[in-house]
A.B. asks: 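Starting off with a structure, shown below.
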There are 2 protein chains.
Amino acid sequence: MAERKVTSLDVAALAGVSQSAVSRVFTPGASVSKKMAARVRDAANELGYRPNVLARSLITGRSRIIGLVVAYLENPFYPDALERFSTVLQGEGYHILVFMTSGAGEGVDRVIEELMDYQVDGIITASVGMSDDLASRCSAAGIPVVLFNRGQADDRLAQVTSDNIRGGRRIAEFLVAGGHKRIAHVAGWQGSSTGRDRKDGFLAGLDAAGVMPVSVVEGEYSREVAAEATRALWAEHKPDAIFVGNDHMAFGVIDVLRHELGLSVPGDVSVVGYDDVPMAGWAAYDLTTLRQPSGQMVARTVEMLLERIGSPDVAARKEMIEGDLILRGSARVPEGWT
Amino acid sequence: MAERKVTSLDVAALAGVSQSAVSRVFTPGASVSKKMAARVRDAANELGYRPNVLARSLITGRSRIIGLVVAYLENPFYPDALERFSTVLQGEGYHILVFMTSGAGEGVDRVIEELMDYQVDGIITASVGMSDDLASRCSAAGIPVVLFNRGQADDRLAQVTSDNIRGGRRIAEFLVAGGHKRIAHVAGWQGSSTGRDRKDGFLAGLDAAGVMPVSVVEGEYSREVAAEATRALWAEHKPDAIFVGNDHMAFGVIDVLRHELGLSVPGDVSVVGYDDVPMAGWAAYDLTTLRQPSGQMVARTVEMLLERIGSPDVAARKEMIEGDLILRGSARVPEGWT
DNA sequence: GAGTGAATTGCACAGGTATGCAAAAAGGCG
DNA sequence: CGCCTTTTTGCATACCTGTGCAATTCACTC
């Protein structure tokens, strides 16, 4: 029942040529005559032969596999990015081996070791960091790593983020210009660079305008935690504007404000998010938010990764992509705001 | 700069034993003495050795890679399933190679051929079918395939779905019992079994109650198409209830009804979806919907796949998982409905 | 047709691991 | 200690392909 796998030797035998000839026909840029190519292709088609990528990578040293580590797909920003990564990389002849890691720290390192067992050509981590020890092991093994939407000081790690500090600052300016007096922040996870940078930028922006926030609480990038924080926030401070650390939490915040507390957004409270996930444009939320241009971020990440796969001595770069504030209906727009 | 990869031979040399000994230490169930194991492990740790999965799979014939083909991640049902798949399979020592295929037909086959080049141990297709020709090639190559959330007549293909016909029928009964008189259906893509089955079950249920639908239109599982269909539907038929082929479209339908047409859901129109994605429970939509128990479906899919990887002669089964109607606030609930 | 250079082909080996088989070591028993 | 059984170890090979090298063929020119 279980048929034997058809190998290049079988094709060679049928076509009456050597195995190397078959290999060359399937290796772009190798030296083969038209006649030979035709004969081999005919034989290959007849037998249904396709080169074994694993055996090939054993000898070339490249697997054409990219490892992608991602913590959670609940926030729609990441499925969106995953879909883009997969499409772009497929176009370049690479494929994605996905590793989920619940939680940060410990688990991430174990998962990346498993990844290296597969001889991946490169690693992309979405919203996760890694230990210094592991970073140096990757670098020693010649496996380039790019952090997507996450910053880390280590020089061996490349990274692509948006300018989160500037984004946070811009949102502060926007809310202040809108005449809000009681401004609060439901921050992203403070264990992440994005969460810290957005908060720092936001507070710096408020400070520059001489405004003190009424409250800053942690939302941990979790919808539930953010929702709970919102209840407490309202009970205690009655803010008239909330900057939420990402869209995913912002939806939870809006739901609590509208449907539990019976408030109007933006009538009673303005809400601003961060990311501009597709859902932010849906009428139910119509969320004003700072866009992270995920298409550009993905494209740049892949470029950097492939460049370093091609020439391993290229230094790891850290890049920021600029994003705009997208004005929608969840926050009062200052008059004359451009 | 680029250090040489450390192999089992290096470890063997350092430990003063043969390469086969090293191999046996890293092969569960092989015959090794405690002393030998200890010496080898010490040497391996010192050099940072880990077995090369690709070389291993070349000889064992198993790659411990599962190919996952998925059409689009926009519908949150699929990221959710992907996350579950990855977690469950990681627990079993497998990993997922992801392939996106935009659109159906042509592209799917090409993608699955690429997948087979990686010598995957099994294939899961989420919301995608495949050609008969390719199905027989997979079966000939001994690669088990399980269709997730998609049915196809082919006997060589296993599949896991929910009981979509029964689900559709149940929704019909629910809407009729609710006293709705002008019932419409925005159907899922009719090229898919789920789209057809839900529609057929729904129409059969209406028919059994002696009710004619005022309109049945195609939504193609696209938010935009469904939204457009809703505008036309309202203009022409003014339905008082709409069954939408999945939750993802239902959100678009509700947005149009509420925010473009100024209608009340469920006051003017009841809306029922299908899937029960996490978002369906969010207050903004609070969607009544038929749950597809994705945890169970994923678990069953993996079980079937692993079983067939273990013993290739097991016949492909077709399974249905039952799901409940989840009552929420987007549709009028009949009095005394259980 | 001989001679030249270029293009094509085959040979042999390498890449890192698992495993059957035979040899060696260890253990048990009288 | 000698014999036999069981366990452990090493040797050699196979898995499937890509590629350097040498041999062969081809295409031209004089």
Side-chain angles (χ1 to χ4, degrees), chain A residues 2-41 43-44 47-65 93 116-121 141-142, chain B residues 2-41 43-44 47-65 93 116-121 141-142:
Chain A
E3 309 217 356
R4 276 273 296 93
K5 287 225 151 67
V6 30
T7 77
S8 57
L9 274 169
D10 303 329
V11 177
L14 178 61
V17 300
S18 75
Q19 176 268 328
S20 5
V22 178
S23 169
R24 275 188 262 262
V25 170
F26 286 92
T27 306
S31 161
V32 219
S33 69
K34 308 241 173 208
K35 213 180 67 181
M36 166 76 73
R39 277 177 65 186
V40 169
R41 283 196 192 286
L47 298 178
Y49 169 77
R50 311 202 92 217
N52 180 330
V53 178
L54 268 41
R56 171 181 285 175
S57 64
L58 187 57
I59 205 166
T60 60
R62 349 217 73 174
S63 59
R64 305 203 75 79
I65 298 179
M116 295 173 68
D117 296 348
Y118 281 93
Q119 314 298 114
V120 293
D121 289 344
Chain B
E3 310 217 354
R4 278 273 296 92
K5 287 221 152 67
V6 30
T7 76
S8 58
L9 274 169
D10 303 329
V11 178
L14 178 61
V17 299
S18 75
Q19 176 268 327
S20 5
V22 179
S23 169
R24 275 187 262 262
V25 171
F26 286 93
T27 305
S31 161
V32 218
S33 69
K34 307 239 172 214
K35 212 181 68 182
M36 165 75 73
R39 276 177 66 186
V40 169
R41 284 197 192 284
L47 298 177
Y49 169 76
R50 311 202 92 216
N52 181 330
V53 179
L54 268 40
R56 170 180 286 176
S57 63
L58 188 57
I59 205 166
T60 60
R62 349 217 74 173
S63 58
R64 304 203 75 80
I65 298 178
M116 295 174 69
D117 296 348
Y118 281 92
Q119 315 296 114
V120 293
D121 290 345

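A, B, ... follow the sequence lines: proteins, then strands. Residue 1 opens every chain. Here the structure is a predicted model, which is why all the values come from computation and not from measurement.
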A.B. asks: Look at S18(A) and dG10(C) and indicate whether a side-chain polar atom (N or O) is within less than 4.0 Å of OP1 or OP2.
C.D. replies: yes

A.B. asks: Both V32(B) and L9(A) contact DNA chain D. Which one's nearest nucleotide lies toward the 5' end?
C.D. replies: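 Between the two, 5'-proximity favours V32(B).
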
A.B. asks: What's the NZ-P distance between K34(B) and dT9(D), to the nearest Å?
C.D. replies: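 Distance check: K34(B) NZ to dT9(D) P gives 13 Å.
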
A.B. asks: Please determine, for the side chain of R56(A), which listed nucleotide (dG16(C), dG18(D), dG10(D)) has the closest atom?
C.D. replies: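 Comparing dG16(C), dG18(D), dG10(D) against the side chain of R56(A), the answer is dG18(D).
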
A.B. asks: Using atom CZ of R50(B) as one end and atom C1' of dT17(C) as the other, report the distance to the nearest whole Å.
C.D. replies: 16 Å

A.B. asks: Quick check for you: to the nearest 0.5 Å, what is the distance between D121(A) atom CG and R64(A) atom CZ?
C.D. replies: 7.5 Å

A.B. asks: Between atom CG in D117(B) and atom P in dT17(D), what is the gap in whole Å?
C.D. replies: 10 Å

A.B. asks: Would you kindly give the CG-to-P distance between L54(A) and dC16(D), to the nearest whole Å?
C.D. replies: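 From L54(A) CG to dC16(D) P: 11 Å.
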
A.B. asks: Please report the distance, rounded to the nearest Å, between CZ in F26(A) and C1' in dT19(D).
C.D. replies: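 Result: 17 Å.
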
A.B. asks: At 10 degrees resolution, what angle do the end axes of the helix from dG1(C)-dC30(D) to dG30(C)-dC1(D) form when each is taken over five base pairs?
C.D. replies: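 About 30° separates the two local helix axes.
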
A.B. asks: Can you see if the side chain of S31(A) gets near the phosphate of dA7(C) - specifically, an N or O under 4.0 Å from OP1 or OP2?
C.D. replies: no

A.B. asks: Counting only distance, no hydrogens or angles, is the base of dC11(D) paired donor-acceptor with the side chain of S20(B) under 3.5 Å?
C.D. replies: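 Yes.
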
A.B. asks: Would you check if D117(B) and N52(A) make a side-chain contact, meaning some heavy-atom pair closer than 4.5 Å?
C.D. replies: no

A.B. asks: CG of L58(B) to OG of S57(A): how many Å apart, nearest 0.5 Å?
C.D. replies: 9.0 Å

A.B. asks: T27(A) side chain to A30(A) main-chain N or O, any donor-acceptor pair under 3.5 Å?
C.D. replies: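 No.
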
A.B. asks: Starting at atom CG of L47(B), determine the distance to atom C1' of dG16(C), rounded to an integer number of angstrom.
C.D. replies: 15 Å

A.B. asks: Tell me whether the NZ or CZ atom of R41(B) lies within the 45° cone about the ring axis of F26(B) and under 6.0 Å from its centre.
C.D. replies: yes

A.B. asks: Looking at every strand, decide which applies to V17(A) at a 4.0 Å heavy-atom threshold: base, sugar-phosphate, or nothing.
C.D. replies: sugar-phosphate

A.B. asks: Once you round it to whole Å, what is the distance between C1' of dT8(D) and NZ of K35(B)?
C.D. replies: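 Interatomic distance, NZ of K35(B) to C1' of dT8(D): 11 Å.
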
A.B. asks: Is there a donor and acceptor pair closer than 3.5 Å between the side chain of S23(A) and the base of dC16(D)?
C.D. replies: no

A.B. asks: Could you give the distance from CZ (R24(A)) to CE (M36(A)), rounded to the nearest 0.5 Å?
C.D. replies: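 R24(A) atom CZ to M36(A) atom CE measures 8.5 Å (nearest 0.5 Å).
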
A.B. asks: Could you check if a side-chain atom of V17(B) sits within less than 4.5 angstrom of a side-chain atom of R39(B), using non-hydrogen atoms only?
C.D. replies: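 V17(B) vs R39(B): side chains touch.
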
A.B. asks: Mark yes or no for a side-chain to base donor-acceptor pair under 3.5 Å between R24(B) and dG10(D), with no hydrogen or angle criteria applied.
C.D. replies: yes

A.B. asks: Using whole Å, what does the distance between atom C1' of nucleotide dG18(D) and atom CG of L58(B) come to?
C.D. replies: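 Checked: the CG to C1' distance equals 13 Å.
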
A.B. asks: From dC15(D), dT17(D), dG10(C), pick the nucleotide closest to the side chain of I59(B)?
C.D. replies: dC15(D)

A.B. asks: Would you mind reporting whether L54(A) and S63(B) have side-chain heavy atoms less than 4.5 Å apart?
C.D. replies: yes

A.B. asks: According to a strict under-4.0 Å criterion, is Y118(A) in side-chain N/O contact with OP1 or OP2 of dG16(C)?
C.D. replies: no

A.B. asks: For dG18(D), does OP1 or OP2 lie under 4.0 Å from any side-chain N or O of T60(A)?
C.D. replies: no

A.B. asks: Between dG10(D), dT17(C), dT9(C), which nucleotide has the shortest distance from any of its atoms to the side chain of M36(A)?
C.D. replies: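 In terms of side-chain proximity for M36(A), the closest of dG10(D), dT17(C), dT9(C) is dT9(C).
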
A.B. asks: Ignoring backbone atoms, establish whether S33(A) has a side-chain N or O less than 4.0 Å from OP1 or OP2 of dT9(C).
C.D. replies: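 Answer yes for this pair, as a side-chain N or O of S33(A) is under 4.0 Å from OP1 or OP2.
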
